[in-house]
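One structure is given below, encoded as C-alpha cells.
Nothing fancy with the numbering, it's 1 onward along the sequence. Predicted, not measured: the structure shown is a model, and the values here were computed from it. Just so it is clear, the values below take in all heavy atoms, side chains as well, and ignore hydrogens, waters and symmetry mates.
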Amino acid sequence: MSFKKILIIVIIIFMLLIIVSGTVFGILFMKSDDESKESEEYYFNVGEIYSNVADSRRIVKLNLTISATNEKLIEEFNEKSFLIKDELYKILTNKKIDDIQGKESQALLKKEIIKNLEKKFSTDKISNIYFDEIIVQ
C-alpha cells in the first residue's frame with residue numbers, strides 16, 4: 001500500500017470516530033437536559049387548615065406546602081385548592097393526637113397525604129409535602 005492510501009484510511013477512521021463520539025455526546029447531553037427540566041420543583045402553599053382531631057376535643061392547625069415536578073399540576077392545584085383542603089380535612093379528622101405528633105407520625109402523615117392527593121389528581125408528580133407549621137391545641 002502506498003502512503004497516500006494509508007493516510008486516507010487513517011483520516012476516514014478518524015472522521016468516523018469524531019462523528020460517532022459527537023453523536024453519543026449529543027444524545028447524552030440532550031437526555032440530561034430533559035432530565036433537568038423534569039427535576040425542576042414547583043410549589044403550592046395550601047395555607048392554614050384547622051381541623052378537629054379524632055376522639056378528642058383538641059384541634060390541629062396545619063400549614064403545608066406541596067412540592068411537584070409538573071408546573072401544570074401546580075396550576076391545577078391553584079384552580080382546585082378546595083379539593084386539596086377537603087382531602088386534608090378527611091385525613092386529619094380521622095387522626096388521633098399520636099398520629100400527628102412525632103417525627104415518625106409526621107412522616108407517615110406526609111406519605112398518606114401524597115398518596116391521597118396523587119389518587120385524587122391522577123398523577124405521580126407530587127414529590128414532597130412540607131409542613132410549615134403544625135400546632136395541636
Does the side chain to side chain contact (heavy atoms under 4.5 Å, CB included) test come out yes or no for T69 and E40, once each step is laid out?
CA-CA 6 Å; T69 57; E40 201 168 333; over 6 Å; no
Report the C-alpha separation of L117 and E87 in whole Å, then their side-chain angles, then the decisive distance to 0.1 Å, and conclude whether the side chain to side chain contact (heavy atoms under 4.5 Å, CB included) test is met.
CA-CA 7 Å; L117 290 178; E87 201 62 37; 4.1 Å; yes
Evaluate K125 against E76 for salt bridge (Lys or Arg N to Asp or Glu O under 4.0 Å), listing each step before the verdict.
CA-CA 12 Å; K125 302 293 183 187; E76 186 176 359; over 6 Å; no
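Side-chain contact between K61 and I49 is absent, with no heavy atoms from C-beta onward closer than 4.5 Å. A heavy-atom distance below 4.5 Å is found between the side chains of E133 and E48. Between L88 and V46, the closest side-chain pair of non-hydrogen atoms falls below 4.5 Å.
Between F44 and F77, the ring-plane angle classifies as tilted under the 30° and 60° cut-offs.
Distance CD1/I74 to CD/E71: 8.5 Å, rounded to 0.5 Å. From I19, atom CD1 reaches atom CE of M15 across 6.0 Å, with rounding to the nearest 0.5 Å. Atom CZ in F131 sits 7.0 Å away from atom CD1 in I129 (nearest 0.5 Å). Interatomic distance, I66 CD1 to N128 CG, rounded to the nearest 0.5 Å: 10.5 Å. Here the straight-line distance linking atom CD1 of I12 with atom CG of L17 works out to 12.5 Å at 0.5 Å rounding. Separation of atoms NZ (K115) and NZ (K111) is listed at 11.5 Å; rounding is to 0.5 Å.
When the options L73, N70, I113 are evaluated for a side-chain contact (heavy atoms from CB on, under 4.5 Å) with I126, the one that passes is L73. No option in V136, I135, L92, I100 other than L92 meets the side-chain contact (heavy atoms from CB on, under 4.5 Å) test with L62.
Neither side chain, Y43 nor E41, offers a donor N or O lying under 3.5 Å from an acceptor on the other. For the residue pair N52 and T93, no side-chain donor N or O sits within less than 3.5 Å of a side-chain acceptor on the partner. Neither side chain, D99 nor S105, offers a donor N or O lying under 3.5 Å from an acceptor on the other. Residues S67 and S127 have side chains that bring a donor and an acceptor to within less than 3.5 angstrom of each other.
A pairwise comparison of heavy atoms in E79 and F82 identifies O-CE2, 3.9 Å as the closest pair. Among all heavy-atom pairs drawn from L64 and D132, the shortest one is C-OD2, 3.7 Å.
The backbone N or O of I18 lies less than 3.5 Å from a partner atom in the side chain of S21, making a donor-acceptor pair.
Both I91 and I134 are members of a single hydrophobic cluster when ILVMFWY side chains are connected at heavy-atom separations under 4.5 Å. Linking Ile, Leu, Val, Met, Phe, Trp and Tyr whenever their side-chain heavy atoms come within less than 4.5 Å puts Y89 and I114 in one cluster. With hydrophobic clusters built from ILVMFWY side chains whose heavy atoms lie under 4.5 angstrom apart, L16 does not share a cluster with V24. Linking ILVMFWY residues whenever their side-chain heavy atoms come closer than 4.5 Å, directly or via other members, leaves I6 and F14 in distinct clusters.
K95 and E112 are joined by a salt bridge, as a carboxylate oxygen and a charged side-chain nitrogen come within less than 4.0 angstrom of each other.
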